[in-house]
Amino acid sequence: MILAETGSVIATSVLVAILIAAGFFALRSSLKHMMGRGGCCGGGEDDGPAVPKKKLGEIVAEKSLVIDGMRCEGCSAAVEDALNRLEHVNADVDLKRKTAIVRMDAVVSDSVLTQTVVRAGYSVRCIK
């Protein structure tokens, strides 16, 4: 009888320890996310190197995209990388303002810019 009670106490203790550890890691991840650090939305620090910005020729157009859905630095980096993969485009994304400034040395249509942002998982509210 005492042996059965001891096994039950040990099993309960192990379960409690596992729950405490899981809670700690969940809280730590949530705090990083709320402070704009770490990975969220499937992105984060471990996504590999950023797409390098290209040297453009003479700038013929500059557009400002207002983007919905970005919540962290990983989100803004994903949008910036997606736009910078386009030919003739250099983009700078501002997470706080939820905007991307896109400079081009050849005309790139609004629909191509919008489709690129949508494929990255976000939406374009407007283009100015």
Side-chain angles (χ1 to χ4, degrees):
M1 185 78 156
I2 294 175
L3 190 57
E5 289 177 8
T6 304
S8 177
V9 170
I10 292 172
T12 302
S13 298
V14 168
L15 181 61
V16 168
I18 290 171
L19 290 174
I20 289 172
F24 169 76
F25 288 111
L27 179 61
R28 188 177 77 173
S29 177
S30 294
L31 289 175
K32 277 185 174 182
H33 174 75
M34 286 186 261
M35 294 187 312
R37 295 188 323 235
C40 85
C41 312
E45 300 109 16
D46 298 338
D47 286 346
V51 174
K53 293 187 179 180
K54 301 175 276 307
K55 278 195 171 185
L56 297 179
E58 182 180 341
I59 304 299
V60 298
E62 181 175 297
K63 297 180 181 181
S64 177
L65 287 67
V66 179
I67 301 169
D68 286 331
M70 296 188 301
R71 291 181 177 80
C72 70
E73 292 174 13
C75 296
S76 61
V79 171
E80 188 169 297
D81 286 351
L83 289 168
N84 283 329
R85 282 187 179 92
L86 294 173
E87 289 293 320
H88 308 292
V89 170
N90 270 350
D92 291 301
V93 176
D94 185 329
L95 175 62
K96 290 182 182 179
R97 292 187 176 148
K98 308 286 188 201
T99 59
I101 303 300
V102 178
R103 292 170 193 82
M104 299 165 278
D105 64 0
V107 176
V108 177
S109 71
D110 290 355
S111 65
V112 168
L113 297 173
T114 299
Q115 289 171 4
T116 300
V117 172
V118 168
R119 275 194 301 270
Y122 306 90
S123 60
V124 176
R125 188 179 324 151
C126 67
I127 298 177
K128 302 174 189 174

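Ile127 and Met104 end up in the same hydrophobic cluster when Ile, Leu, Val, Met, Phe, Trp and Tyr side chains are linked at under 4.5 Å. Under a hydrophobic clustering in which Ile, Leu, Val, Met, Phe, Trp and Tyr are joined whenever their side-chain heavy atoms come within less than 4.5 Å, directly or via other members, Leu86 and Val79 fall into the same cluster. Placement of Leu65 and Val118 in two distinct hydrophobic clusters is found when ILVMFWY residues are connected by side-chain heavy-atom separations under 4.5 Å, directly or transitively. By the rule that hydrophobic residues join a cluster once side-chain heavy atoms approach within less than 4.5 Å of another member, Val124 and Val112 end up as members of one cluster.
A salt bridge (Lys or Arg N to Asp or Glu O under 4.0 Å) check over residues 116-128, counting only residues at least two apart or in different chains, returns the pairs Asp68-Arg125.
Contact record, Val60 with Ala106: CG2-N, 3.5 Å, taken as the closest heavy-atom pair. In this structure, Gly69 and Cys75 approach most closely via the heavy-atom pair O-SG, 4.4 Å. When all heavy atoms of Ala78 and Ala120 are compared, the pair lying nearest together is O-CB, 4.4 Å.
In this structure, the side chain to side chain donor-acceptor pair (under 3.5 Å) partners of Asp105, at least two apart in sequence or on a different chain, are His88.
To the nearest 0.5 Å, the span separating CD on Glu80 from CZ on Arg85 amounts to 11.0 Å. Remark: Leu15 CG to Ile20 CD1 distance equals 10.0 Å, nearest 0.5 Å. Lys63 contributes atom NZ, which lies 11.5 Å from atom CG of Leu83 (distance to the nearest 0.5 angstrom). Between the OG atom of Ser76 and the CZ atom of Arg71 there is a distance of 13.0 Å, given to the nearest 0.5 Å.
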For residues 89-96, which side-chain donor-acceptor pairs fall under 3.5 Å, sequence neighbours excluded?
residue, atom, partner, partner atom, Å
Asn90, OD1, Lys54, N, 3.0
Asn90, ND2, Lys54, O, 2.6
Asp92, OD1, Lys53, NZ, 2.0
Asp92, OD2, Arg103, NH1, 3.0
Asp94, OD1, Lys96, N, 3.0
Asp94, OD1, Arg97, N, 3.1

